[in-house]
2 protein chains.
Amino acid sequence: MTTISDVARVAGVSRSTVSHALSGKRPISEATRNRINEAIADLGYTANAGARALATSKSSIMGLIVPFTPEEFAPSTMQYVLVVAETARSLGYDVLLVTEEEGAAGITRVTQSNLVDGVILLDVKRHDDRLAALASANQPGVLLGAPEESVSFDVVDLDFAEAGKRLVEHLFEEGHREIIFLTLPDSIFEMDLGYAWRVRDAAISTAAELGVELRIVVGDSDPQRRAETLSAALENRGTATALLVHNDGALADLQQILQELSLRVPDDIAVLGIFPEQFGRMFSLPYTAIETSAALVASQAVRLLANRIERPESPFVRTLLEPIITDRGTSRKV
Amino acid sequence: MTTISDVARVAGVSRSTVSHALSGKRPISEATRNRINEAIADLGYTANAGARALATSKSSIMGLIVPFTPEEFAPSTMQYVLVVAETARSLGYDVLLVTEEEGAAGITRVTQSNLVDGVILLDVKRHDDRLAALASANQPGVLLGAPEESVSFDVVDLDFAEAGKRLVEHLFEEGHREIIFLTLPDSIFEMDLGYAWRVRDAAISTAAELGVELRIVVGDSDPQRRAETLSAALENRGTATALLVHNDGALADLQQILQELSLRVPDDIAVLGIFPEQFGRMFSLPYTAIETSAALVASQAVRLLANRIERPESPFVRTLLEPIITDRGTSRKV
DNA sequence: CTGAAAGCGCTTACAG
DNA sequence: CTGAAAGCGCTTACAG
């Protein structure tokens, strides 16, 4: 192991000078700086992370608390994880992965040991018991997903309530007055995930305000039955003219089901969805939709955390990103 | 911040005694141990990670080097990541996520700084330039994916060559003599990923040995064209009686395409595949197949790394897991 | 512009 | 069974 003392010796300066050359925290003469850089290159020196963390009380590591869902197919989670890692790196941080197997204890462990400088919580629920653990930590935290109550953390999320509202408004403006709304499965609602509740609640209240009939069909978590539920809903659509879908799996099934039932979009039924842009690309989803962007939300979360680590006193921000509808012509009323 | 000195003072013992009580490295009397544990609980003490790392030269962190594929839909990668994190935690390690944006430099950075005790490489290629960086590190590494040459690292992978062989043998035994083999897209082969090459090469050579005609159709990376390619291959199947698929996306499309072409399985065409078990579950794939298990491979990799960190001199192992065919009746010749 | 020295919070021989 | 002390490799006032 080569240490800062080795570098100092080879460069013919003191350790403190090397340290300052590294951090840039005080002016170093051109000549010494060159000798130091040369020595560093020759020796292949990298500062010892533990020693630096001990001396500065900063590890330059962000903890990423990911929901523990081994049985789940979590394509979009990976997006968040990758974008967090990248963005963190670009700001000089590494990322420690903390799965929720340990529950809130994981948060306490990595913060209390000073392993991390701060923490990002993925998939924050409307009432999330991890927030208590986070609140008693000495390090800051940023929430990806908005809790119901206002909290002393930075929060980033898509504005899902606004999304639900705009989706229904959009269909209303297109002339639809009777809409089938396929939601996420009950299990997601039971997990208290805000994005499920907010889209649904906003869709319901907006429909009520506009005098639109919204027929709610709850998605099934089993892939087989999920397709059957959707198929049945379409067959028994009656006078409904539009299908609003907030359910990734069902959207993937939809194309085949429409074909089986010989339904044309938008001629026989208009379709409007909300899904992650990644997912849409993977399955070439052709529908008018609000596309959620993991990249946007995750990178913003990292920037907020970095900022708070470096400026702990800045005021808390709650960023709700505006949902945008991309019109692909499938929501027209024909 | 509460330190070991605080604990020592409250418990009325020396710091070294507290340290030994924590590590269990020397006998502590019942009475002192109780006082220490009480003090720890009262104060909410957790050892400072940086200080411990500095003193022991061990961070209890494993670095996980993940391929950098932000544009890709990486469902199975998430599986690996989660299983690695879990298994590591169960063995007392945390996981630092290193994306490949930095390339091999990331490996050098986290090892040289002693941030990690060892490293796991995901998606190792047949000729992987990251191995050079790993070889010059002071910490051990475990490869997930087998390189072509034999290396001084532990290696875990499914035995994909054996898989390719067994798939063709299975079809041969079922009576098929003319097989369409849908492979992964060229881009994957160009990335030098062993699993693509090994399945293909073994399938080709086994077919040759058995006198089976293997008609190779290369998958397309674009979802739309991927489906068209598959559809065309099935329409123009001629006298081929079986379809062998090593292409997740195509397998997801298959059900719909078969229906469009009014082909029954296995009556009109037998189907045999190889895909991640997660993927199969997500899409309810009903085919006879070799299912690859992220969980098995990833947890084994972590165990190997933990073992090597703790016993650096143990001989290197190259674990190639035996591929098992699950027969679901879709590969019969009718 | 540079250096000597204290200190960060642990662990671990060494001594008893 | 327990303690005093050195040392891990950095950073940062303090001094010049």
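Residue numbers start from 1 in every chain, and the chains themselves are labelled A, B, ... in the order their sequence lines are given, proteins ahead of strands.
Remark: B/Arg308 CZ to B/Glu313 CD distance equals 8.5 Å, nearest 0.5 Å. Once rounded to the nearest 0.5 Å, the distance linking OG1 of A/Thr319 with CG of A/Leu158 reads 12.0 Å. A distance of 7.5 Å separates OG in B/Ser90 from CZ in B/Arg303, rounded to the nearest 0.5 Å.
Rounded to a whole angstrom, the distance from the P atom of C/dA6 to that of C/dT2 is 23 Å. Nucleotides D/dG16 and D/dT12 place their C1' atoms 16 Å apart, quoted to the nearest Å.
Contact annotation: the side chain of A/Ile36 approaches that of A/Thr17 to within less than 4.5 Å [non-hydrogen atoms, C-beta and beyond]. Considering only heavy atoms from C-beta on, B/Leu143 stays 4.5 Å or farther from B/Asp154 through its side chain. At a threshold of 4.5 Å between non-hydrogen side-chain atoms, the residues A/Leu22 and A/Tyr45 count as touching. The shortest distance between side-chain heavy atoms of A/Leu134 and A/Leu121 falls below 4.5 Å.
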Practice prompt. Could you run through nucleotides 6-16 of chain C and give me one letter per nucleotide, 5' to 3': B if any protein heavy atom sits under 4.0 Å from the base, S if only the sugar-phosphate is that close, - if neither?
Written response: BBBBBBB-B--
Worksheet, complete the sentence: Writing each nucleotide of DNA chain D 5' to 3' as (, ), [, ], | or . by Watson-Crick or G-U pairing under 3.5 Å yields |||.||||||||.|||
Atom pairs and distances, donor-acceptor, side-chain atoms in residues 56-68 of chain B, under 3.5 Å, two or more places apart:
unit_1	atom_1	unit_2	atom_2	d
B/Thr56	OG1	B/Arg52	O	2.7
B/Thr56	OG1	B/Lys58	N	3.1
B/Thr56	OG1	B/Lys58	O	3.2
B/Ser59	OG	B/Ile61	N	3.2
B/Ser59	OG	B/Leu115	O	2.7
B/Ser59	OG	B/Asp117	OD1	3.2

